[in-house]
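Here the structure comes first, spelled out in structure tokens, and everything after it is commentary.
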Number of protein chains: 2
Amino acid sequence: MILKNLSIDCVIFGFKDNKLNVLLWQAEPELLQKYLISKEEYQQLKEIFEKNPALKSDKYWGLIGTHLPVEEDLDVYAKKILEVATGLKGIYLKQFRTFGDAGRIPHMRVLTVAYYALINPEYHNLELSPIAKAVRWFDIDQLPEVIFDVKEIILKALKTLREEVKYHPVGFHMLPDKFTLTELQTLYEVILDKKLDTRNFRKKIQNMGLLVDTGEKQTNVAHRAAKLYSFDLEIYHQLREEGLNFSI
Amino acid sequence: MILKNLSIDCVIFGFKDNKLNVLLWQAEPELLQKYLISKEEYQQLKEIFEKNPALKSDKYWGLIGTHLPVEEDLDVYAKKILEVATGLKGIYLKQFRTFGDAGRIPHMRVLTVAYYALINPEYHNLELSPIAKAVRWFDIDQLPEVIFDVKEIILKALKTLREEVKYHPVGFHMLPDKFTLTELQTLYEVILDKKLDTRNFRKKIQNMGLLVDTGEKQTNVAHRAAKLYSFDLEIYHQLREEGLNFSI
DNA sequence: ACAAAAGTGTTGAACATACACCCATGT
DNA sequence: ACATGGGTGTATGTTCAACACTTTTGT
């Protein structure tokens with residue numbers, strides 16, 4: 001059985017073409033049934049879709065998520081949704097708010113527990129997880145038409161991410177394992193939506209002790225090849241726990 | 001109708017006797033019905049109480065909150081619960097997490113949207129809001145026996161408050177309108193659970209521009225009377241929005 | 001040789017930390 | 001006069017912001 005008045009949704013952020021992107025989908029109960037829910041749950045879900053034509057439309061996009069089966073833990077299930085939808089494990093995921101205004105969804109009373117996730121778009125192939133009619137990345141500044149209050153949820157996620165990123169070094173999750181300092185800086189500039197001073201940025205980042213020089217360099221670039229860094233997982237976890245004044 | 005699988009609960013923090021306290025209650029459906037829910041909802045609530053003897057016990061304490069009526073907005077209703085339970089308006093209230101593990105409450109599947117609130121215990125009289133069998137302040141270090149996962153929720157609220165208080169000047173909500181710098185410092189020491197240097201603390205706080213010298217002083221104290229300050233609401237709101245590096 | 005991005009250091013200002021004594025008030 | 005907590009300043013080290021040129025690589 002699924003809880004009809006409760007959904008879990010993920011705002012999945014990715015850093016792509018030097019822009020902050022969000023992964024949205026057009027869900028389809030038939031496909032969800034394959035991976036995430038049981039047969040009876042599928043029947044219930046279908047009813048919900050019947051009630052809201054917007055859910056079935058080709059025009060509107062929604063957050064990746066679904067209703068919560070009674071026997072599932074909230075956080076565990078959110079992780080499961082993400083894994084199924086992206087094919088990736090160990091994604092950075094954070095519950096950031098529950099949306100519950102009475103009128104937010106027509107004809108139904110649904111609360112949405114919202115999470116945001118940070119991933120690197122290069123690391124997964126959307127073709128490989130055909131769990132929806134359509135799945136696509138959208139530039140955060142050029143969102144398509146979305147269902148219900150999804151836009152509000154995305155904006156709140158963004159706001160929360162901006163706060164988070166100021167004090168905790170979470171940005172790394174959106175980069176490949178090996179990255180250049182310029183990529184890292186661009187990421188921060190995009191998230192915070194402001195220019196940062198290159199020299200000061202590098203000094204600060206390097207003083208954190210989080211970066212590991214891999215000894216490798218970029219290849220095939222028409223300019224001086226940048227060093228590739230990875231980051232020290234152990235120190236990362238330590239810094240995350242302690243809170244730290246990261247303060248970019 | 002109330003949503004049986006959804007509750008709203010508030011971790012109410014107060015600063016009392018130089019300790020951080022939490023307001024807990026022992027709820028009673030009969031009394032809730034007077035202020036917060038309708039007659040049919042009362043019937044539903046009674047069933048829930050029947051299922052869980054712990055809810056009716058005199059031994060266990062719980063968070064102030066109840067199930068959500070279908071027609072109510074989440075945040076609005078949380079505020080309403082608080083107002084009814086404390087008799088105070090305009091309380092600082094923040095949704096911090098939704099708890100939803102499958103096994104957290106016996107025999108039932110309930111998600112709890114948890115809020116924390118900051119109030120000044122002197123400003124309300126618990127006798128005046130007889131909405132529960134019992135309502136009482138508990139030192140955060142000496143919690144009584146609590147129902148379900150309430151302890152976990154309180155600890156998570158505390159952790160979130162500690163983070164919040166580091167970067168946003170929210171502590172003021174727990175003080176009287178006029179307070180001394182020593183009171184403010186003690187509050188921060190209690191929340192953060194560490195000693196702060198008086199001179200440095202005063203410098204920092206005063207440089208924030210948030211404090212207004214009321215011109216008044218303590219009276220009837222057996223030592224030099226301390227100046228009373230209030231804080232500048234306008235600058236406060238500005239600082240809250242901008243995020244600011246408060247960083248005590 | 002040129003275009004394009006990588007990489008690097010210094011200085012002055014602001015802020016953080018550490019630390020010890022006198023002051024005002026009530027009893 | 002004494003006990004109690006209120007209130008203050010300085011020196012040192014650290015961190016932040018502002019700023020411009022040289023290096024490496026591919027074409």
Side-chain angles (χ1 to χ4, degrees), chain A residues 15 17-19 165-169 175-176 178-190 192-230 239 242-248, chain B residues 15 17-19 165-167 169 175-176 178-190 192 194-230 239 242-248:
Chain A
F15 181 53
D17 311 323
N18 281 349
K19 301 254 185 166
V165 103
K166 265 199 267 179
Y167 308 116
H168 303 278
L175 293 173
K178 293 171 188 174
F179 53 86
T180 69
L181 292 182
T182 305
E183 284 168 341
L184 184 59
Q185 184 178 340
T186 308
L187 172 62
Y188 273 95
E189 289 180 342
V190 164
L192 298 175
D193 195 24
K194 70 175 179 198
K195 281 273 160 226
L196 301 172
D197 179 275
T198 306
R199 277 175 285 191
N200 293 336
F201 180 82
R202 283 165 181 250
K203 257 180 289 174
K204 207 180 289 188
I205 289 287
Q206 274 161 333
N207 283 338
M208 289 177 55
L210 206 56
L211 293 181
V212 181
D213 185 341
T214 63
E216 296 171 56
K217 287 188 173 191
Q218 286 178 314
T219 49
N220 293 322
V221 285
H223 54 77
R224 176 170 178 178
K227 280 188 178 180
L228 291 169
Y229 292 84
S230 62
L239 289 180
E242 289 168 14
L244 109 135
N245 279 30
F246 182 53
S247 181
I248 284 283
Chain B
F15 181 54
D17 310 325
N18 282 349
K19 301 255 185 163
V165 103
K166 264 198 268 179
Y167 307 116
L175 293 173
K178 294 171 188 175
F179 52 87
T180 70
L181 291 183
T182 305
E183 284 168 341
L184 184 58
Q185 184 178 341
T186 308
L187 172 61
Y188 273 95
E189 290 180 343
V190 165
L192 298 174
K194 71 175 178 197
K195 282 271 160 227
L196 302 171
D197 179 275
T198 306
R199 277 176 285 191
N200 295 335
F201 179 82
R202 283 165 182 249
K203 256 180 291 175
K204 205 180 291 188
I205 288 288
Q206 273 161 333
N207 283 338
M208 289 177 55
L210 206 57
L211 292 181
V212 181
D213 185 343
T214 63
E216 297 171 55
K217 287 190 173 191
Q218 286 178 314
T219 49
N220 292 323
V221 285
H223 52 77
R224 175 171 176 178
K227 281 188 178 179
L228 291 170
Y229 292 84
S230 62
L239 290 180
E242 289 169 14
L244 110 134
N245 278 31
F246 182 55
S247 180
I248 283 284

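All values derive from a computational prediction rather than experimental measurement.
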[X] [atom1] - [N] [atom2] separation (whole Å):
X	N	atom1	atom2	value
B:Gln218	D:dT4	CD	C1'	12 Å
B:Glu183	D:dG5	CD	C1'	12 Å
B:Gln185	D:dT8	CD	C1'	14 Å
A:Phe201	C:dA5	CZ	P	18 Å
B:Asn207	C:dA13	CG	C1'	14 Å
A:Lys227	C:dT8	NZ	P	6 Å
A:Asp213	C:dT8	CG	P	10 Å
B:Tyr229	D:dG6	OH	P	12 Å

Practice task
On the 0 to 90° scale, with breaks at 30° and 60°, tag the B:Tyr167-A:Tyr167 ring pair as parallel, tilted or perpendicular.
Solution key: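 Aromatic pair B:Tyr167/A:Tyr167 classed parallel.
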
Practice task
Assign a letter to each nucleotide of nucleotides 19-26 of chain C from its 5' end: B, base within under 4.0 Å of a protein heavy atom; S, sugar-phosphate only; -, no contact.
Solution key: BB--BBBS

Pairwise distance [atom1]([X]) to [atom2]([Y]) - rounded to 0.5 angstrom:
X	Y	atom1	atom2	answer
B:Tyr229	B:Glu183	OH	CD	12.5 Å
B:Leu187	B:Leu175	CG	CG	5.0 Å
B:Arg202	B:Thr198	CZ	OG1	6.5 Å

Problem - Exercise: do A:Asn200 and A:Lys203 side chains pair donor with acceptor under 3.5 Å - result: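 Yes, because at least one side-chain N or O of A:Asn200 sits under 3.5 Å from a partner of the opposite role on A:Lys203.
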
Exercise for the section: Taking only the side-chain nitrogens and oxygens of A:Thr182, find out if one of them lies under 4.0 Å from OP1 or OP2 of C:dA5. Expected result: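 Answer is no, no contact under 4.0 Å.
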
Only pairs under 3.5 Å count here: list side-chain donor-acceptor contacts from residues 208-219 of chain B, not counting sequence neighbours, and write none if there are none.
unit_1: B:Asp213; atom_1: OD1; unit_2: B:Gly215; atom_2: N; d: 2.8
unit_1: B:Asp213; atom_1: OD2; unit_2: B:Lys227; atom_2: NZ; d: 3.3
unit_1: B:Thr214; atom_1: OG1; unit_2: B:Glu216; atom_2: N; d: 3.1
unit_1: B:Thr214; atom_1: OG1; unit_2: B:Leu228; atom_2: O; d: 2.7
unit_1: B:Glu216; atom_1: OE2; unit_2: B:Lys178; atom_2: NZ; d: 2.6
unit_1: B:Gln218; atom_1: OE1; unit_2: B:Ala226; atom_2: N; d: 2.9

